[in-house]
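Following: one structure in structure tokens, then a few remarks.
Numbers for residues simply follow the sequence, beginning at 1. Note that ligands are numbered from 1 as they come in the structure, with each ligand's atoms numbered from 1 the same way.
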Amino acid sequence: MAEVHLNSIIKSYDGQTNVVDGIDLEIADGEFVVLVGPSGCGKSTTLRMIAGLEEITSGTITIGGRVVNDVAPKDRDIAMVFQSYALYPHMTVFKNMAFALKLRKTPAAEIDQRVRAAAEKLGISQLLGRKPKALSGGQRQRVALGRAIVRDPACFLFDEPLSNLDAKLRAETRAELKQLHQQLATTSVYVTHDQEEAMTLGDRVVVMSGGLIQQAGTPLEVYSHPANRFVAGFIGMPSMNFIEGRVEAAANGHSFEGGGVKLDLHGPLAEAAGSAAGRDLVLGLRPEHLSLQDADAPAGRTIDLKVQVVEPLGATMDVYGQLPSGQRILVRTEAQPLEIGEAARFTVATEKAHLFETGEYGVNLRDQPAAALA
Ligand SMILES: Nc1ncnc2c1ncn2[C@@H]1O[C@H](COP(=O)(O)OP(=O)(O)OP(=O)(O)O)[C@@H](O)[C@H]1O
Ligand SMILES: [Mg+2]
């Protein structure tokens with residue numbers, strides 16, 4: 001087992017643009033870290049540099065305290081699992097799993113014991129004699145995992161290993177992977193573009209965009225205290241609503257005006273608003289922080305939406321509604337009857353809202369925990 005440190009990592013493929021533009025990240029021994037971000041943000045490139053499959057343009061990577069910049073992939077004591085399972089088609093499951101150990105000249109009895117133990121953990125013991133083409137996608141992915149486990153590496157590297165599986169199998173395999181990590185406690189770096197996968201798997205989630213780390217924190221930190229508008233919009237499903245407007249000083253504090261609505265600001269937001277009065281800002285409201293109005297919600301905490309679409313989800317429903325400005329926002333609230341085309345009044349939990357500077361990466365003005373700024 002080992003900790004993995006990335007220091008000022010830069011990668012340029014063409015010598016002109018940096019697709020990874022200066023990444024610092026310390027991954028603790030036994031930690032499960034997920035790199036998440038949109039397509040092209042540099043996740044796989046970062047992972048491949050840790051694996052040694054891609055040269056580092058500048059910076060250093062250490063695994064277990066050893067600088068590995070010039071160490072060949074096979075000597076880094078890592079095991080990588082890809083989206084494409086990359087199994088050898090002519091070999092049985094057993095041989096696929098045993099392959100790396102055989103290359104290392106591990107004694108046959110030990111290979112046998114390790115392959116069987118890994119197969120047991122993954123529930124594929126009955127498949128050891130089969131060839132990959134006689135396996136389902138989920139089974140193949142388990143074999144690919146098994147092949148990584150038998151090597152007992154210092155670190156697992158995963159690049160979207162579940163994305164070829166259908167939704168149900170993906171969710172099941174995700175849970176198994178988490179359980180496996182709880183058993184093995186091997187340092188793991190996992191890449192995905194799926195924020196839900198990141199939130200459910202990671203001890204820590206590293207949100208990337210444009211070759212930079214936008215924020216690294218626990219799933220709850222990045223969800224509740226997003227460092228900027230990008231993280232706020234990327235983490236959480238359905239996505240946060242953003243309303244452009246301004247903070248104005250009011251008789252009893254501050255209010256936000258934008259999208260044709262006016263909201264009194266409360267709690268942490270009111271403090272942030274003090275220094276921001278008179279500037280163009282963006283209010284961030286999660287869909288679940290609006291609810292159909294309770295009778296005694298004071299004016300200044302409600303907004304009226306013209307209901308356009310209602311999607312029943314069972315206990316809750318998603319409501320797409322128009323602000324007076326015409327902007328469409330989404331509300332997730334308790335299921336109740338609603339008339340399409342009518343105006344409905346919603347209560348806003350303004351104490352949970354966020355205020356951002358304008359722009360794609362506009363800074364969150366609300367209180368930031370120290371970890372979120374790291
Ligand atoms: N071998 C390569 N040569 C040149 N450019 C590359 C190479 N590999 C990746 N890139 C570019 O580097 C950038 C980052 O790619 P990377 O594969 O790291 O993204 P990613 O975050 O893994 O995206 P995805 O979610 O689509 O897998 C992209 O703009 C990509 O086109
Ligand atoms: Mg990728």
Measuring to protein heavy atoms, does anything land under 4.0 Å from atom 9 (C) of ligand 1? yes

Please name the residue in the list Arg229, Gln215, His354 that meets the side-chain hydrogen bond (donor to acceptor under 3.5 Å, both in side chains) test with Asn364. His354

Any idea which protein heavy atom is nearest atom 16 (P) of ligand 1, and the distance to it? Thr45 OG1, 3.5 Å

Polar atom proximity, Ser39 to ligand 1 (N or O, under 3.5 Å): yes

Geometric N/O contact Val19 with ligand 1, under 3.5 angstrom: no

Can you tell me which residue and heavy atom of the protein come closest to atom 23 (O) of ligand 1, and the distance to 0.1 Å? Gly40 N, 2.8 Å

Tell me whether Gly42 has any N or O atom under 3.5 angstrom from an N or O of ligand 1. yes

Ignoring water, what protein N, O or S atoms are under 2.8 Å from the Mg ion (ligand 2)? Ser44 OG

For the residue pair Thr45 and Tyr13, confirm or rule out a side-chain donor-acceptor distance under 3.5 Å. yes

Candidate pair Asn228 and Gln214, rule side-chain hydrogen bond (donor to acceptor under 3.5 Å, both in side chains), full reasoning: CA-CA 8 Å; Asn228 61 38; Gln214 300 298 331; 3.0 Å; yes

Centre of Phe99's six-membered ring, under 6.0 Å away, within 45 degrees of the axis: is that where NZ or CZ of Lys95 sits? no

For Phe256, is the NZ or CZ atom of Arg246 found under 6.0 angstrom from the centre of its six-membered ring and inside 45 degrees of the ring axis? no

Pair Arg174 + Glu196: basic N to acidic O under 4.0 Å: yes

Please state whether the rings of Tyr190 and Phe32 are parallel, tilted or perpendicular, taking 30° and 60° as the class boundaries. tilted

Tell me, please, whether Tyr223 has Arg286 positioned over its six-membered ring: NZ or CZ under 6.0 Å from the ring centre and within 45 degrees of its axis? yes

Do Asp159 and Ser44 have side-chain atoms, one donor and one acceptor, less than 3.5 Å apart? yes

If you have a sec, work out which protein heavy atom is nearest atom 5 (N) of ligand 1 and how many Å separate them, to one decimal? Tyr13 CD1, 3.3 Å

Does a donor on one side chain and an acceptor on the other come within less than 3.5 Å for Thr358 and Asp280? no

At a 4.0 Å threshold, what atoms of ligand 1 neighbour a non-hydrogen atom of Ser44? 17 (O), 18 (O), 20 (P), 22 (O), 27 (O)

Around atom 25 (O) of ligand 1, find the nearest protein heavy atom and jot down its residue, atom name and distance. Lys43 NZ, 2.8 Å

